[in-house]
Amino acid sequence: QVQLVESGGGSVQAGDSLRLSCAASGRTFSSYRTMSWFRQAPGKERDFVAGINWTGSTVKVADAVKGRFTISRDNARTVALLMDSLKPEDTAVYYCAADSATLGQVNTEMKYMDYWGKGTLVTVSS
């Protein structure tokens, strides 16, 4: 059984930084999977934030966070999201997701994600 566990959320001030981590476990988890981050603000839909393929050679980042958020692959089963210059509008529950893609592409739609973590809350106050 595959599990994704996020960590690193919390409450910060605008302009601060946070680093989220996600660790995948389970014997059947493929090291070739693309991994991504999504977020869901209160009352809104879940949106793509950033994704990275298994080699790190392909990265996609949403326009809303481009230049402030960086996604990285620590190893085959761990992905991190470094969030700089946080804004109140970044407040959301952040979810780690394992993409169905194993050939290097990065999908941005929820329907392509096979596994989800339970989420970690990030609150940014002004």
Side-chain angles (χ1 to χ4, degrees):
Q1 183 177 358
V2 174
Q3 286 189 321
L4 303 180
V5 179
E6 304 97 339
S7 61
S11 297
V12 296
Q13 298 286 322
D16 286 349
S17 299
L18 271 180
R19 187 177 188 271
L20 306 183
S21 292
C22 171
S25 63
R27 187 171 55 86
T28 59
F29 183 83
S30 170
S31 298
Y32 303 106
R33 283 186 182 270
T34 292
M35 294 185 75
S36 298
W37 290 94
F38 286 72
R39 69 183 182 183
Q40 188 166 16
K44 296 189 177 180
E45 295 183 349
R46 192 172 298 187
D47 293 326
F48 173 81
V49 175
I52 185 169
N53 71 351
W54 70 283
T55 63
S57 62
T58 300
V59 172
K60 290 186 180 179
V61 181
D63 289 342
V65 303
K66 196 166 291 182
R68 299 188 297 118
F69 289 13
T70 304
I71 188 170
S72 62
R73 199 80 180 243
D74 295 341
N75 54 53
R77 291 175 174 256
T78 304
V79 63
L81 184 69
L82 176 61
M83 306 184 293
D84 293 321
S85 303
L86 282 161
K87 303 176 181 180
E89 51 264 44
D90 295 319
T91 294
V93 177
Y94 284 73
Y95 296 91
C96 177
D99 199 325
S100 59
T102 57
L103 297 177
Q105 70 269 35
V106 176
N107 294 305
T108 62
E109 297 178 65
M110 289 178 55
K111 64 182 181 182
Y112 295 110
M113 305 300 134
D114 283 342
Y115 301 102
W116 292 90
K118 293 183 178 180
T120 185
L121 177 62
V122 173
T123 303
V124 185
S125 57
S126 58

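- A salt bridge between Asp74 and Arg19 is present, with a side-chain N of the basic residue lying under 4.0 Å from a carboxylate O of the acidic one.
- Contact check on Lys66 versus Asp63 returns a salt bridge, with a Lys/Arg side-chain nitrogen under 4.0 Å from an Asp/Glu carboxylate oxygen.
- Side-chain heavy atoms closer than 4.5 Å link hydrophobic residues (I, L, V, M, F, W, Y) into clusters, and following such links, even through other members, never connects Phe29 to Val106.
- By the rule that hydrophobic residues join a cluster once side-chain heavy atoms approach within less than 4.5 Å of another member, Tyr32 and Val59 end up as members of separate clusters.
- Nearest heavy atom pair, residue Ala98 against residue Leu4, reads N-CD1, 3.6 Å.
- Contact of the Leu20 side chain with the Glu6 side chain is not registered, since no non-hydrogen atoms from C-beta on lie closer than 4.5 Å.
- Val93 and Leu82 fall into different hydrophobic clusters, where Ile, Leu, Val, Met, Phe, Trp and Tyr side chains are chained together by heavy-atom contacts under 4.5 Å.
- The distance from the CZ atom of Arg73 to the SG atom of Cys22 is 9.5 Å, given to the nearest 0.5 Å.
- Side chains of Val122 and Arg39 form no contact here, defined as non-hydrogen atoms less than 4.5 Å apart.
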Criterion side-chain contact (heavy atoms from CB on, under 4.5 Å) on Met83 and Val12, from CA distance to verdict: CA-CA 11 Å; Met83 306 184 293; Val12 296; over 6 Å; no
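- Side-chain contact between Trp116 and Cys96 is absent, with no heavy-atom pair separated by less than 4.5 Å.
- Residue Leu103 holds its CG atom at 10.5 Å from CG of Asn53, rounded to the nearest 0.5 Å.
- Between the CG atom of Leu81 and the OG1 atom of Thr120 there is a distance of 11.0 Å, given to the nearest 0.5 Å.
- Arg33 is listed as a side-chain neighbour of Asp114, based on a closest heavy-atom distance under 4.5 Å.
- Under a 3.5 Å cut-off, the side chain of Ser100 and the backbone N or O of Tyr112 do form a donor-acceptor pair.
- Under a hydrophobic clustering in which Ile, Leu, Val, Met, Phe, Trp and Tyr are joined whenever their side-chain heavy atoms come within less than 4.5 Å, directly or via other members, Met110 and Phe48 fall into the same cluster.
- Note: Thr58 OG1 to Ile52 CD1 = 9.0 Å, rounded to the nearest 0.5 Å.
- Taking the six-membered ring where the residue is Trp, Tyr94 and Phe69 present tilted rings, their angle falling between 30° and 60°.
- Two different hydrophobic clusters hold Met113 and Ile71 under the rule that ILVMFWY side chains link at heavy-atom gaps under 4.5 Å.
- In summary, the side chains of Asp84 and Ser17 do present a donor paired with an acceptor at a separation below 3.5 Å, with no hydrogens or angles considered.
- The OH atom of Tyr115 sits 12.0 Å away from the CE atom of Met35 when rounded to the nearest 0.5 Å.
- A donor-acceptor pair is defined here as one N or O able to donate and one able to accept, closer than 3.5 Å; no such pair exists between the side chain of Thr123 and the backbone of Thr91.
- The two residues Arg77 and Asn75 make their nearest non-hydrogen contact at N-OD1, 2.8 Å.
- Both the sub-6.0 Å distance and the 45° axial angle are satisfied by Arg46 relative to the ring of Tyr95.
- With rounding to the nearest 0.5 angstrom, the OG atom of Ser30 is 11.0 Å from the CG atom of Asp99.
- The nearest pair of heavy atoms linking Ser125 to Pro88 is C-CG, 4.5 Å.
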As a quick check of understanding, evaluate side-chain contact (heavy atoms from CB on, under 4.5 Å) for Thr108 and Lys60, giving each step before the final call. CA-CA 8 Å; Thr108 62; Lys60 290 186 180 179; 3.9 Å; yes
